[in-house]
Amino acid sequence: RGEIENIGTPNARLNFTNLGSEEKNSISIKSGDHDEAANNLIDWLEKQEGFDSIKAIGHRIVHGMKHTEPELITEDLLNELKTISSFDPEHLPEEIKLIEVFSKRHPSLKQVACFDTSFHTSMPTVAKLLSIPRRFYEKGIQRYGFHGLSYAYMLEELKHVAVEETAKGKIILAHLGNGASLAAVKDGKSIDTSMGFTPTSGLPMGTRTGDLDPGVAWYLMQFEKLNPKQFSHLINHESGLLGISETNSDMRELMKIEDIDNRAKEAIELFCYQTKKWIGSFTAVLEGVDTLVFAGGIGENSPEVRSRICNGLQFLGIEIDEKRNADNNDIISTDKSRVTVRVIKTNEELMIAKSVYKILNSTTKK
């Protein structure tokens, strides 16, 4: 699994992980634009041992609207993704370009779309509605939710590490990383999530605002003279932890300086405060909670953030064992806690690989 960061800059890098290994690697690449970056990625892949044996490519597609399952990428599906690319201009256009470059360079390889939104298609209408005129809902403007591949993995893993009934209970899943969201799950299905129409909403994140009063958009455009493109860049790349701290979007770096930099301290406090609020609201939606799961870069690796989020939630039945938490145990709640609090190392790459395998098997049988 690989991804390219800092496209169009001299610092562009290809980050990749082999499914059979926990080791993450990174190499510098040339990337004047996304097409060049994609071609350089394929050049690198072609030099790797075993590339000739590859039968298919799985793509994480952030926005899939109402698609409920992974799908083989056809010309019709690609055209549909192009039609809805304005729904997610931060991700879809680049994802489409990568698909097209692979198709041009290796037309015999099957390509599979794995939609991050599909996990949340089970949400009830009340959780999908935005309180704007209904004609916009009919055009597809609604709450979709994201991080679906991660949430699907967490549920599968719950079935393995606990009794299967646990995965059918009242669960709050917290994917906390540079992108962050929570999901409320009941009977194995998503019934609500913090992200909405785009991945920018919900919790404050590394560089994304999270939920924002729409009046702020009007004010910034009217009086700060930001055009739509500048506003989009502001809320996606200049805000969140970076915007509040004015120094860094990385939680690890902020925690190193919070004792000497009040801006870093406030950025961390805001993140934990908002996460705590979402846990409370989803407990109300679920009418109780049985299991709370932390995952993602922050959720898996920051005991202190987990502790700060859970502190004060004893009234919900959430009690953290600080030693278990500090040791990053699989279960970090106390024996007396009514809610089981777990840490699960998410694996979106594995979910993509499983989906591709399933699609290949089904097409072979046909």
Side-chain angles (χ1 to χ4, degrees), residues 1-5 14-26 41 45 48-51 53-64 67-73 91 95 98-99 102 109-122 145-162 164 166-168 171 173-183 185 188-190 193 195 199 291 293-301 328-331 342-364:
R1 184 247 186 180
E3 59 185 2
I4 305 169
E5 63 177 21
L14 165 63
N15 302 317
F16 59 95
T17 306
N18 292 326
L19 281 177
S21 168
E22 295 293 327
E23 185 179 357
K24 295 186 177 181
N25 301 283
S26 182
L41 166 62
L45 284 172
Q48 305 310 302
E49 184 178 353
F51 180 78
S53 65
I54 291 176
K55 303 296 181 185
I57 304 161
H59 295 267
R60 177 191 178 209
I61 304 297
V62 172
H63 212 309
H67 289 273
T68 60
E69 298 287 342
E71 293 183 26
L72 194 65
I73 296 174
H91 299 96
E95 291 165 352
L98 186 59
I99 292 168
F102 265 111
L109 287 179
K110 290 182 171 62
Q111 300 192 70
V112 177
C114 303
F115 303 105
D116 235 358
T117 46
S118 62
F119 182 80
H120 303 291
T121 53
S122 59
F146 302 89
H147 286 142
L149 292 168
S150 177
Y151 291 138
Y153 177 81
M154 284 187 248
L155 272 188
E156 278 200 4
E157 191 64 11
L158 264 181
K159 294 176 184 177
H160 293 142
V161 300
E164 190 157 338
T166 299
K168 296 179 181 178
I171 305 167
L173 304 173
H175 178 109
L176 307 180
N178 188 51
S181 70
L182 289 89
V185 177
K189 295 182 179 180
S190 173
T193 188
M195 284 180 171
T291 306
V293 180
F294 287 101
I298 298 172
E300 295 165 18
N301 302 303
N328 277 321
N329 286 1
D330 294 339
I331 295 178
R342 293 181 175 272
V343 178
I344 291 179
K345 187 175 179 62
T346 193
N347 196 333
E348 295 161 296
E349 297 90 343
L350 182 59
M351 295 307 295
I352 293 172
K354 284 184 173 182
S355 296
V356 173
Y357 182 76
K358 183 178 179 181
I359 292 289
L360 283 181
N361 271 357
S362 64
T363 55
T364 301

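Using a distance-only test at 3.5 Å, with no hydrogens or angles considered, a donor-acceptor pair links the side chain of S122 to the main chain of S190.
Applying the side-chain contact (heavy atoms from CB on, under 4.5 Å) rule to F51 yields the partners L45, E46, I54, H106; only residues at least two apart in sequence or on another chain are considered.
Annotation: side chain of V161 is not in contact with side chain of D330 (no heavy-atom distance under 4.5 Å). Side-chain contact between H175 and M154 is present, with heavy atoms from C-beta onward closer than 4.5 Å. Inter-residue side-chain proximity for L155 and I171 is flagged as met; some heavy-atom pair is nearer than 4.5 Å.
For the atom pair NE2 of H91 and CD1 of I61, the computed distance is 11.0 Å after rounding to the nearest 0.5 Å. Atom CG of residue L173 and atom OG1 of residue T291 lie 9.0 Å apart, to the nearest 0.5 angstrom. With rounding to the nearest 0.5 angstrom, the CD1 atom of I344 is 9.5 Å from the CD atom of E300. Distance check, rounded to the nearest 0.5 Å: CD1 of I73 to CD of E71 gives 9.5 Å.
Taking all atoms of both residues into account, the shortest heavy-atom contact from R342 to L158 is CD-CD2, 3.6 Å. Here the shortest heavy-atom pairing between V356 and A56 reads CG1-CB, 3.6 Å. Counting all heavy atoms, side chain and backbone alike, N347 lies closest to Y153 at N-CD2, 3.4 Å. The two atoms that bring T193 and Y151 nearest to each other are OG1-CE1, 4.4 Å, heavy atoms only. G299 and V343 get closest at one heavy-atom pair: O-CG1, 4.1 Å.
Between H120 and F146, the distance from one ring center to the other does not fall under 6.0 angstrom.
In the model, T346 has a side-chain atom that pairs as donor or acceptor with a side-chain atom of S150 under 3.5 Å.
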Distance-only donor-acceptor hits, side chain of residues 110-119, under 3.5 Å, sequence neighbours excluded:
{"residue": "Q111", "atom": "OE1", "partner": "H59", "partner atom": "NE2", "Å": "2.5"}
{"residue": "Q111", "atom": "NE2", "partner": "I99", "partner atom": "O", "Å": "3.1"}
{"residue": "D116", "atom": "OD1", "partner": "G148", "partner atom": "N", "Å": "3.0"}
{"residue": "D116", "atom": "OD1", "partner": "L149", "partner atom": "N", "Å": "3.0"}
{"residue": "D116", "atom": "OD2", "partner": "R60", "partner atom": "NE", "Å": "2.8"}
{"residue": "D116", "atom": "OD2", "partner": "R60", "partner atom": "NH2", "Å": "2.6"}
{"residue": "T117", "atom": "OG1", "partner": "G64", "partner atom": "N", "Å": "2.8"}
{"residue": "S118", "atom": "OG", "partner": "F115", "partner atom": "O", "Å": "3.0"}

